[in-house]
Amino acid sequence: MFLSMMSAFAQEESISISKNMRKGAVIRMKNGTFRLSQAPYGYYLDEKGILIVQQEEAKIVQRIFGNFLSGMGIQEIAAELQKEHIPKLNGEPIWSYTGILYILTNERYIGDELFQKRYTTDTLPFQKKINRGQKKQYYAEDTHDPIISREVFRKAQELLKRKSERHGHQNNGQYTFTSLIVCDECGTNFCRRIAKNQRVLWTCRKHFKGKHLCSMESLNETEIQQCFLTLYKKLTENRQEILGSYLRQLEELKDKDFMAHP
């Protein structure tokens, strides 16, 4: 009982500290003094936490916007940068649809900052989630030097919107197996990437960050597709034996639950 009480106190104290820290962060967001912990591609943080333009990376950002407005597709841009072995933030020349789309939609490249794009849940275990209206967001203008003009950024957003309306969900950065492949070793979702030889691979996110974090090897997308088709064919041919038995078990569980809670 004593241990349970102490654990409860510790949990409440942790939640209280977290809430106070978030309140302080929100105040800084309101007055535009909130500082990032990591700079986006094209910038670096000085000793005061201000975003400073990284000239070589800034040229790549300008090139991405220029190519996109010239008619190149997002996946095509990613493949070209990867083919040229241009490094990203982590030093690896691995570019993806999601990464290019993030650059094209990031307001920081025009010198502004939108705060609280993500938020942390209020209860344990704390989780980072995308802010889809659950929390108030704050927009600050001219907080740092821009890499591209507002006009170029506006045109890119208009083009993205037109493509989205024309192609539906094809431009949302989601793939067939997104969030569906889970690492058997560490439980982390796999992410899609393009290897140097242009092979499409699915890799454990932890393994991608460092092989010492997870030893799970990458999977070839064509092999995953083949496995899926094989499984689908087996289910189709043996649906009565497999699915029939499964449905009967569900019905039995439902009947037992009804008898226990009439």
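Everything quoted here is computed from the prediction, not taken from an experiment.
The structure places CD1 of Ile86 at 10.5 Å from CD of Glu56, a figure rounded to the nearest 0.5 Å. Separation of atoms CG (Asp46) and CG (Leu51) is listed at 8.5 Å; rounding is to 0.5 Å. Atom CD1 of Ile103 is separated from atom CD1 of Ile64 by 3.5 Å, given to the nearest 0.5 angstrom. One distance of note links CD1 of Ile147 with CD of Gln62; it measures 7.0 Å at 0.5 Å rounding. Atom CD of Gln75 sits about 8.5 Å away from atom OH of Tyr97, to the nearest 0.5 Å. Between the CG atom of Leu229 and the CD atom of Gln226 there is a distance of 6.0 Å, given to the nearest 0.5 Å.
Remark: the backbone N or O of Tyr139 is not paired with any side-chain donor or acceptor of Glu113 at under 3.5 angstrom. Between the side chain of Gln137 and the backbone N or O of Phe115 there is no donor-acceptor pair closer than 3.5 Å. Glu57 places a side-chain N or O within donor-acceptor distance of the main-chain N or O of Gly42, the cut-off being under 3.5 Å. Distance alone, capped at 3.5 Å, places no donor-acceptor pair between the Tyr41 side chain and the Ile60 backbone. Remark: the backbone N or O of Cys214 is paired with a side-chain donor or acceptor of His207 at under 3.5 angstrom.
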**Q.** Full working for salt bridge (charged side-chain N to carboxylate O under 4.0 Å, His left out) between Glu84 and Arg63
**A.** CA-CA 13 Å; Glu84 296 178 19; Arg63 173 181 167 182; 2.7 Å; yes
Q: Show the numbers, then the answer: is there a side-chain contact (heavy atoms from CB on, under 4.5 Å) between Arg154 and Ile110?
A: CA-CA 10 Å; Arg154 181 186 63 79; Ile110 57 173; over 6 Å; no
Q.
Go through it in stages, so that I can follow the logic: the residues are Trp95 and Ile194, the test is side-chain contact (heavy atoms from CB on, under 4.5 Å), and I'd like the CA-CA distance, side-chain angles, deciding distance and then a yes or no.
A. CA-CA 8 Å; Trp95 294 81; Ile194 302 176; over 6 Å; no
Q: Tell me, with the steps shown, if Asp142 and Arg150 meet salt bridge (charged side-chain N to carboxylate O under 4.0 Å, His left out).
A: CA-CA 11 Å; Asp142 301 320; Arg150 295 181 182 275; 3.1 Å; yes
(Q) Run the side-chain contact (heavy atoms from CB on, under 4.5 Å) test on Asn189 and Leu180 for me, step by step, so that the C-alpha distance in whole Å, both residues' side-chain angles and the decisive distance to 0.1 Å come before the verdict. (A) CA-CA 7 Å; Asn189 283 346; Leu180 296 179; over 6 Å; no
Q: Determine, step by step, whether Phe190 and Arg205 satisfy the side-chain contact (heavy atoms from CB on, under 4.5 Å) criterion, reporting the C-alpha distance in whole Å, the side-chain angles of both residues, the deciding distance to 0.1 Å, and the verdict.
A: CA-CA 6 Å; Phe190 275 50; Arg205 291 184 183 275; over 6 Å; no
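Across all non-hydrogen atoms, the minimal contact from Cys183 to Cys186 is SG-N, 3.5 Å. Heavy-atom minimum distance, Glu80 versus Asn67: OE1-ND2, 3.6 Å. The two residues Arg199 and Asn220 have their closest heavy-atom pair at NH1-ND2, 3.3 Å. Residues Ile100 and Ala78 share a closest heavy-atom pair of CG1-CB, 3.9 Å.
Side-chain contact check for Glu185 versus Ser215: some heavy-atom pair is nearer than 4.5 Å. Leu45 places none of its side-chain heavy atoms less than 4.5 Å from the side chain of Ile50. Contact of the Phe68 side chain with the Ile74 side chain is registered, since non-hydrogen atoms from C-beta on lie closer than 4.5 Å.
Each of Phe228 and Val200 belongs to its own hydrophobic cluster when Ile, Leu, Val, Met, Phe, Trp and Tyr are linked at side-chain heavy-atom distances under 4.5 angstrom. Connection of Leu201 to Ile224 is not established within any shared hydrophobic cluster, with ILVMFWY side chains joined at heavy-atom distances below 4.5 Å, either directly or through further cluster members. Transitive grouping of hydrophobic side chains (ILVMFWY, heavy atoms separated by less than 4.5 Å) keeps Leu213 and Phe208 in distinct clusters. Under the 4.5 Å side-chain heavy-atom criterion for ILVMFWY residues, a single connected hydrophobic cluster contains both Met216 and Phe177. Taking hydrophobic clusters as Ile, Leu, Val, Met, Phe, Trp and Tyr residues chained together by side-chain heavy-atom distances below 4.5 Å, Leu159 does not share a cluster with Tyr102.
A donor atom on one side chain and an acceptor atom on the other are not found under 3.5 Å apart for Gln157 and Thr105. Remark: the Arg193 side chain and the Thr203 side chain contain an N/O donor-acceptor pair separated by less than 3.5 Å.
Ring-plane geometry between Phe65 and Phe153 is classed as tilted, the angle between the planes lying from 30 to 60 degrees on a 0 to 90 degree scale.
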